[in-house]
Amino acid sequence: MLSFDNSYARLPARFYEPVLPARFPAPALIRLNHQLASEMGLDLDWLQSPAGIGFLSGQHIAEGSEPVALAYAGHQFGNFVPQLGDGRAVLLGEIIAPDGQRRDIQLKGAGRTPFSRGGDGRAALGPVLREYLVSEAMAALGISTTRALAALLTGDSIRRETMLPGAAILRVASSHIRVGTFQFFAARGDVDAIRLLADHVIARHYPAAAGAQRPYRALLDQVIAAQADLVAGWLLVGFIHGVMNTDNMSVAGETIDYGPCAFMDIYDPATVFSSIDENGRYAYGNQPTIAQWNLTRLAETLLPLLAEDEDAAIDEAQEALAAFGPRFEQAYHGGLARKLGLDDVLPGDVDLVSTILKAMTANQVDFTLFFRKLCLAAEGEDEPVRSLFIDPTMFDAWAVRWRERLTDAQRPAARRAAMEAVNPAFIPRNHRVEAMIRAAVDDQDFGPFEEMLELLARPYDDQPALAHYAQPPRPNERVMATYCGT
Ligand code: AMP
Ligand code: MG
């Protein structure tokens with residue numbers, strides 16, 4: 001039925017701990033991701049049968065599955081913790097889909113593991129629904145991310161501040177190897193393991209690096225480029241990860257570990273939602289800086305592989321890290337230009353963009369609505385966007401510059417269509433996500449979850465019947481803090 005090929009489990013024993021998922025009293029499927037299951041070549045009828053639900057919930061270990069919890073370390077809010085590891089997740093194995101792509105299947109909320117420390121190894125329903133919805137929304141927005149294959153109820157309650165329904169999410173990723181995985185071995189001075197891990201990551205994610213003159217340098221270059229592009233993608237849709245610890249940064253360049261993540265409403269680079277991010281370390285506008293900080297931690301672990309001589313290795317690492325800024329700017333400014341309807345970036349464009357972004361903060365303008373309504377202005381209809389500003393004349397003054405910059409080569413309707421393809425009408429707005437979770441947890445009503453999933457599968461399409469989801473929160477609806485729920 002499923003054919004596993006567990007390359008990570010073939011690495012030495014110190015990379016993971018074998019572990020079995022916990023017993024659940026009454027596992028029940030909340031949602032199966034049919035499209036993803038099909039892409040992965042899985043049999044939909046079987047997955048929805050009792051045997052399939054047994055597999056999805058970790059209650060039946062399929063032939064070839066070798067459940068393991070991965071070892072890793074990480075910097076949490078800047079402080080190094082030498083041992084974290086999968087404390088509540090079990091990697092069931094890897095499968096290679098008909099499209100040739102290798103994917104991890106991981107059950108999160110699977111119970112205690114040797115890495116659980118004080119935790120119960122479990123996940124509550126709210127965070128499971130948040131991860132499912134937001135990761136799928138990110139995929140539909142075109143941003144590299146882990147995916148959600150299924151959400152399940154376990155049939156029991158778990159203790160947090162109150163008793164909450166227990167749940168689990170079956171997560172799919174191109175791998176679960178993190179910056180913190182390298183740090184785990186670096187902290188132990190285990191250079192052999194770092195080399196094995198680097199070779200594994202090259203073979204799995206960056207095969208072109210294998211043929212490079214200096215493969216480990218090429219690996220570092222590619223991880224840096226992937227992260228620069230990823231964080232630019234986040235900024236362009238207003239995404240705030242919330243916990244960019246090094247253990248939550250995938251070396252494959254996928255968005256991973258959706259905790260207290262959220263989308264920004266009013267444009268303000270200082271925006272923070274996470275209740276545990278008291279100093280704003282992971283604020284919206286800090287994300288590029290933090291990504292580079294995390295990548296510097298990765299580079300440090302690779303020093304023994306970069307050159308024989310330590311000074312030469314440091315030079316290699318610094319050279320690689322210096323490429324982060326230009327790569328990020330290229331992706332970010334290129335993306336902003338496309339959001340404004342421009343096909344390229346000219347010297348004056350950075351100022352054109354920063355002028356309107358500053359005006360948006362001063363006028364409390366919603367980031368997503370601004371760009372979506374600007375698409376109408378490409379066809380001469382300015383009122384929807386200008387009326388978002390407290391002082392609409394600030395938009396008018398900027399619009400004169402914007403129009404001077406638009407080349408005449410493109411017809412207005414074509415420009416509007418091109419802009420709508422990069423400026424989403426719908427994002428998972430935080431107040432809606434919270435309301436969706438409350439409906440599910442308090443009233444066992446999964447209607448809003450299902451409705452939002454359908455909506456967010458097509459974020460760039462106007463969906464008039466669901467237009468209310470495009471609206472930012474009214475002042476009394478604003479969600480000020482988002483909790484990890486761990
Ligand atoms: P996170 O903040 O979710 O990325 O988790 C940080 C670390 O804490 C990881 O090693 C997790 O596996 C672990 N962890 C989080 N929640 C739990 C839990 N309920 N039980 C055990 N370990 C947990
Ligand atoms: Mg994590």
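Every number for a ligand or one of its atoms is a count from 1 in the order of the listing. None of the values given here were measured: they were computed from a predicted structure.
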Ligand 1 versus Phe115, non-hydrogen atoms closer than 4.0 Å: side chain, backbone, both, neither?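 Under 4.0 Å from ligand 1, Phe115 contributes no heavy atoms.
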Heavy-atom contacts under 4.0 Å between Asn248 and ligand 1: side chain, backbone, both, or neither?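 Within the 4.0 Å criterion, Asn248 contacts ligand 1 through side-chain atoms alone.
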Taking N or O atoms only and a 3.5 Å limit, does [X] qualify as a polar contact for ligand 1?
{"X": "Arg117", "result": "yes"}
{"X": "Gly87", "result": "yes"}
{"X": "Leu84", "result": "no"}
{"X": "Gly85", "result": "yes"}

A quick test of your reading: do over 12 heavy atoms of other residues, nucleotides or ligands sit less than 6.0 Å from CD of Gln471?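 Result for CD/Gln471: enclosed.
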Evaluate the side-chain contact (heavy atoms from CB on, under 4.5 Å) criterion for residues Thr146 and Val172: first the C-alpha distance (whole Å), next the side-chain angles of each, then the deciding distance (0.1 Å), finally the verdict. CA-CA 6 Å; Thr146 63; Val172 169; over 6 Å; no
Angle class for the [X]/[Y] ring planes (parallel below 30°, perpendicular above 60°, tilted otherwise)?
{"X": "Phe367", "Y": "Phe371", "answer": "perpendicular"}
{"X": "Phe55", "Y": "Trp46", "answer": "tilted"}
{"X": "His75", "Y": "Trp293", "answer": "perpendicular"}

Taking the six-membered ring of Phe77 as reference, does the cationic atom of Arg281 (NZ for Lys, CZ for Arg) lie under 6.0 Å from its centre and within 45° of its axis?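 That pair does not qualify as a cation-pi contact.
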Mark yes or no: Arg429 above the aromatic ring of Phe263, with NZ or CZ under 6.0 Å from the six-membered ring centre and no more than 45 degrees from the axis.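 So Arg429 doesn't make the cation-pi contact.
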Need the ligand 1 atom indices (1-based, order shown) with element for anything under 4.0 Å from a heavy-atom of Ser116.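 In order of numbering, the contacting atoms are 21 (C), 22 (N).
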Which residues share a ring-ring contact (aromatic ring centres under 6.0 Å, His included) with Tyr16, sequence neighbours left out: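 Testing Tyr16 for ring-ring contact (aromatic ring centres under 6.0 Å, His included), a comparison that skips the adjacent residues, returns none.
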Around the Mg ion (ligand 2), what protein N, O or S atoms are found below 2.8 Å?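 Near the Mg ion (ligand 2), the protein supplies Asn248 OD1, Asp257 OD2.
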Who's closest to atom 14 (N) of ligand 1 heavy-atom-wise, of Arg178, Lys108, Arg88?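 Among Arg178, Lys108, Arg88, the closest heavy atom to atom 14 (N) of ligand 1 comes from Arg88.
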What I want to find out is whether Asp190 reaches Arg14 closely enough, with some N-O distance under 4.0 Å, to be called a salt bridge.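 Salt bridge between Asp190 and Arg14, a charged N being under 4.0 Å from a carboxylate O: yes.
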Check whether any heavy atom of Arg112 sits under 4.0 Å from an atom of ligand 1.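 No, Arg112 has no heavy atom closer than 4.0 Å to ligand 1.
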Would Val243 count as a contact residue for ligand 1, given that I'm defining contact as a non-hydrogen atom of the residue lying under 4.0 Å from a ligand atom?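 Under 4.0 Å: no for Val243.
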Taking only residues at least two apart or on different chains, which pairs with a member in residues 159-185 satisfy ring-ring contact (aromatic ring centres under 6.0 Å, His included)?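 Checked against ring-ring contact (aromatic ring centres under 6.0 Å, His included) - neighbours excluded - the pairs reaching residues 159-185 are Phe15-Phe185.
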Got a sec, which pairs hit ring-ring contact (aromatic ring centres under 6.0 Å, His included) with one end in residues 100-151, sequence neighbours left out?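 Matches after skipping sequence neighbours: Tyr132-Phe449.
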